[in-house]
Amino acid sequence: MQFEQHQDFRALVDQYPRAIMLVTNEPKITYVNGMFRSVTGYVQDEVVGRPPSVLSSGLHTPEFYQAMWQALASSGRWEGLIWNRKKNGEVYPQWLSIYPVEYEGQQSYVGIFMDMGKRTGVDERLASLAYYDPLTDLPNRSLFQEFLKARVSQHCLEGARFAVLFIDLDFFKSVNDLHGHECGDGVLKQAAMCIQSVVRKVDVVARLSGDEFAVIVELQGIEDLKEVGQRMIQAFRAPVIVGQREYFLSASIGAAVYPTHGKSGTELLQKADRAMYAAKLAGRGCYRIYSEADDERGRREQRLSEALVTSLKTSPDEFHVVYQPQYDLRSGQSVGMEALLRWNHPEFGPVSPADFVPLAERRGQIHEMTQRLVRGILKDLQSAPSAQGDFRLAINISARQITDARLGLVIGPLFERIHELGWQLEIEITETHIMHLSRQCLETLKEFRNQGVGIAIDDFGTGYSSLAYLQNLPVQVLKIDRQFISRLGSKNSDSRIVSAILGIAEALELEVVAEGIENRAQYQELRGLDCQRGQGFLMARPQPWDRVKEMILDPYQ
Ligand code: C2E
Ligand code: MG
Ligand code: MG
C-alpha cells in the first residue's frame, strides 16, 4: 500500500488523536478531523466555511491575537495555551500549535490542538508528559507558564483580579532523607490534593518542581486572597497519612497580585516566589503577600547568604570562637563551657549565629561552618591547660549535619585533643530537630556516645519530645531553654515548667543545664529547685579564648 495516496493521508489525519483544522487566509475553516468533534463538540458541517473565531472564548484581548499572527508571520509557527469555547459553552484551556501550509494552491494554516483541562486514555497521557507532572497529574512548570501567559492576555473584568501563589513545603527534604523517596512521593501527592481542595475548579494548580507548587487564583477582591491564604495554611495543618505513618506538613506561601505586583506572568511568579521566601523567613508555615519591604529584607538575606558562602571559603579570619562558661550552681565552680561561633563581615559587621546558622543550613554550608568552628577551637586549645575531673567543652551541631558522613571526620581531631587534655566533649542538638532524626541518625549519635562524647538536647521545652522518644535517645543532658529561665526570679515567677523538666530529667536520669541565667534571683531559684548546672550573662558572657583561659581555665587547674 502506498501512503502517498490521497485517501490514505486523509484517513491518517482524520483519525489522528489530536484535533486538527485547516484554515484559509481569509480566514475560514475548510477542514476538521474526527478528534476536532470530540474536543469541541462541533461536527464538520457546523464549522466548515465559518471563521475560526466561532471557537473563541472572548476572554483574550485583541493584542493577544495580534501577537499570535505576528509570531506566525515572523517565525512560521505559533504554539501556546489559549482559552477557547466548546459548542456547549464550556470554556477550556487548549494547547494549540499553528503552522502555515500550502493546500490546494492556497495559503492556509493548520491548527492542531488538545483540551488541557481533561486528559483521558493512555495516548493522551503519553502525549501530555511534556506538560504534566506524572506524579501528581498537575500541569508542570512550562505548562503553568503558558497558563499564566494566557491569563495575563485576557480582558480584565470589572474588579476581578487574579493572584499567583507560590507554595513551598517546609522540611520536605527531611521527609525524603529520613523516610525515602517513596514516602516523599506519597507526601507530594497528598500535598497536591490538599492545595486543590482549597482552591476552586477554575483555578490552575501546578507542580513547578520538587516540593514547589503554584496556583493561579481568581479573585473577586483582594480580601479573597487573605482567605485563600489562611485556608491553605489551615489545610496543611491536618496530618497526612502515607503508608502507615502520619506526617505533619506545613507550607510557606507567597502571593503576588495582577496587575499590582506585575503585569507579566514571569514577573508575577518571581514576586510570588520572593513573597514565599519572606514567609520562610517569618518562620515558615504562613503566607505573605508580596511587599517591597519583605523583598528588600529577602535581598539582604540573599546577599548575606552569598557573603557567608564566600567567607567560609576564602576568609577564615572573619570567624572566631567565643566560649561561655558553665557552672555548678551549688559550688559555683566552673565545670565546662559552650563554644559559640562568631562571624564578623567587613560589610555586614558582626552577624549573629541565630542569623547565619540557618543560612548555612539552607545553602548546604553547614559542614564548612563546623569545620571553621573546630579549627578555631583547635587553635585555641593549643594553649589549654589539662584538667582533672569532669571539665566539658560543648559544641552545637546542626541536626542536618548528623546525616553527613563527614561529621565524624571533622569532630575526630577535636575529640582526640579534648581527650588528651582530660576534658570531655559534648554535642548539643536543638530539640525541635532531634525529634525528626531517623533511626540511622540515632545510630550515629549512639556511636558518638559509645566513644565517650556526651549528647545534650539544646533549647529543651521548645520542641515536642515525647517521653517515650526521650527515653530511647542516646542523650545525657537536657538544656532548659532560656525562655523558661526568664520566667523565674521575679514577683510573678513561674517555675512550673522548669520543675517539670527537672522531674523528667530525674526520672530519666539525665543531667540538666539551665541556660540564660541573667540575675541572682533566677540563680537562687534554680538552686532551690536543685538544678545542677547553668550558664548565663549573670556569671559570664561568651568570651574570647584568652579571657576564658585567664579567668576560668588557669584558676580551674
Ligand atoms: P544556643 O546553643 O542555645 O546558645 C546559647 C545562646 O544564648 C548564645 O547565643 C548565647 O550568647 C546566648 N546566651 C547565653 N547566656 C545568655 C543570657 O543570660 N541571656 C541571653 N539573653 N542570652 C544568653 P549565640 O551565641 O548568639 O548563639 C545563638 C544560637 O546559634 C545558639 O543557641 C546555637 O543554636 C547557634 N549556634 C551558635 N554557634 C553555633 C555553632 O558553632 N554551630 C551551630 N550549629 N550552631 C551554633
Ligand atoms: Mg547550645
Ligand atoms: Mg540553647
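All values reported here derive from a predicted model rather than from experimental measurement.
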Next on the checklist: So Leu219 and Val217, do their side chains get closer than 4.5 Å, heavy atoms only?
Outcome noted: yes
Checklist entry - Minimum heavy-atom separation for Arg10 to Tyr103, with atom names? => result NH1-OH, 3.8 Å
Next on the checklist: Has Arg50 got a side-chain atom pairing as donor or acceptor with Glu46's backbone, closer than 3.5 angstrom?
Outcome noted: yes
Item to check | Lys/Arg-Asp/Glu bridge criterion (N-O < 4.0 Å) met for Glu227, Arg231 | outcome: yes
Checklist outcome for this item: Rounded to the nearest 0.5 Å, the CG atom of Leu268 sits from the CG atom of Leu165 at a distance of 11.0 Å
Checklist entry - Can you tell me how far the CG atom of Asp133 sits from the CZ atom of Phe144, to the nearest 0.5 Å? => result 13.5 Å
Checklist entry - Arg406: what forms a salt bridge (charged side-chain N to carboxylate O under 4.0 Å, His left out) with it, not counting sequence neighbours? => result Asp404
Checklist entry - Does Arg77 pair with Glu79 as a salt bridge, N-O distance under 4.0 Å? => result yes
Next on the checklist: For Tyr131 and Trp95, take the angle between the two ring planes, folded into 0 to 90°, and tell me which bin it lands in: parallel under 30, tilted 30 to 60, perpendicular over 60.
Outcome noted: tilted
Checklist outcome for this item: Smallest heavy-atom separation, Lys87 atom then Gly41 atom, equals CD-O, 3.4 Å
Checklist entry - Looking at Ile167, Ile289, Val228, which hits side chain to side chain contact (heavy atoms under 4.5 Å, CB included) with Ile253? => result Ile167
Item to check | For Pro27 against Pro52, the heavy-atom pair lying closest together | outcome: O-CD, 3.6 Å
Item to check | Flag side-chain contact, heavy atom, 4.5 Å: Tyr258 against Val164 | outcome: no
Just distance, no hydrogens or angles: give the donor-acceptor pairs under 3.5 Å from side chains in residues 57-68, sequence neighbours left out.
unit_1: Ser57; atom_1: OG; unit_2: Leu59; atom_2: N; d: 3.1
unit_1: Ser57; atom_1: OG; unit_2: Trp83; atom_2: O; d: 2.8
unit_1: His60; atom_1: ND1; unit_2: Ser153; atom_2: OG; d: 2.8
unit_1: His60; atom_1: NE2; unit_2: Trp83; atom_2: N; d: 2.9
unit_1: Thr61; atom_1: OG1; unit_2: Glu63; atom_2: OE1; d: 3.3
unit_1: Thr61; atom_1: OG1; unit_2: Phe64; atom_2: N; d: 3.4
unit_1: Thr61; atom_1: OG1; unit_2: Ser153; atom_2: O; d: 3.2

Next on the checklist: Given 3.5 Å as the limit, does a donor-acceptor pair link the side chain of Tyr99 with the main chain of Leu72, or not?
Outcome noted: no
Checklist outcome for this item: Nearest heavy-atom contact between Leu138 and Arg207 is CB-N, 3.9 Å
Next on the checklist: Test your reading of the model: is there a side-chain donor-acceptor pair from Ser398 to the backbone of Gln401, 3.5 Å cut-off?
Outcome noted: no
Checklist entry - Are Arg363 and Glu306 close enough for a salt bridge, meaning some N to O gap below 4.0 Å? => result yes
Checklist entry - So how far is it from Phe460 CZ to Asp481 CG, rounded to the nearest 0.5 Å? => result 10.5 Å
Next on the checklist: Check this for me: does any side-chain nitrogen of one of Lys271 and Glu267 sit under 4.0 Å from a carboxylate oxygen of the other?
Outcome noted: yes
Next on the checklist: Would you say that Met21 contacts Tyr31 through its side chain, given a criterion of any heavy-atom pair below 4.5 Å between the two side chains?
Outcome noted: no
Checklist outcome for this item: Output for pair (Phe171 CZ, Arg284 CZ), nearest 0.5 Å, gives 4.0 Å
Checklist entry - So, Asp185 and Lys189, do they make that salt bridge, N to O below 4.0 Å? => result no
Item to check | Carboxylate-amine/guanidinium proximity below 4.0 Å for Lys280 and Asp168 | outcome: yes
Checklist entry - Quick one: do Lys86 and Asp115 make a salt bridge, cutoff under 4.0 Å? => result yes
Item to check | Min side-chain heavy-atom separation Val205-Val199 under 4.5 Å | outcome: yes
Item to check | Residue list, salt bridge (charged side-chain N to carboxylate O under 4.0 Å, His left out) with Lys226, at least two apart or on another chain | outcome: none
Checklist entry - How about Tyr287 and Gln230: do any of their side-chain heavy atoms sit closer than 4.5 Å? => result yes
Checklist entry - Where is the tightest heavy-atom contact between Tyr247 and Val175, given as atom of each residue plus distance? => result CE2-CG1, 4.1 Å
Checklist entry - Taking C-beta and beyond as the side chain, do Lys149 and Leu81 meet within less than 4.5 Å on heavy atoms? => result no
Checklist entry - Within a strict 4.5 Å, meaning less than it, do heavy atoms of the Arg288 and Tyr277 side chains meet? => result no
Item to check | Steps toward side chain to side chain donor-acceptor pair (under 3.5 Å) verdict (Asp458, Thr430) | outcome: CA-CA 4 Å; Asp458 207 349; Thr430 49; over 6 Å; no
Checklist entry - So, does Asn33 use its side chain to make a donor-acceptor pair with the main chain of Phe36 at under 3.5 Å? => result yes
Checklist entry - Do you know which two heavy atoms are closest between Glu246 and Pro239, and how far apart they sit? => result OE2-CG, 3.9 Å
Checklist entry - Are the charged groups of Arg200 and Glu218 less than 4.0 angstrom apart, N to O? => result no
Item to check | Residues Glu146 and Arg141 bridged, charged N to O under 4.0 Å | outcome: no
Next on the checklist: Can you tell me how far apart OH (Tyr16) and CD1 (Ile112) are? Round to the nearest 0.5 Å.
Outcome noted: 6.0 Å
Checklist entry - Can you find a heavy atom in the side chain of Tyr290 that is under 4.5 Å from one in the side chain of Asp295? => result yes
Next on the checklist: Using side chain to side chain donor-acceptor pair (under 3.5 Å), reason through Asn25 and Gln107 one step at a time and then give a plain yes or no.
Outcome noted: CA-CA 6 Å; Asn25 232 346; Gln107 167 72 57; 5.5 Å; no
Checklist entry - To the nearest 0.5 Å, how far apart are CH2 in Trp69 and CH2 in Trp78? => result 11.0 Å
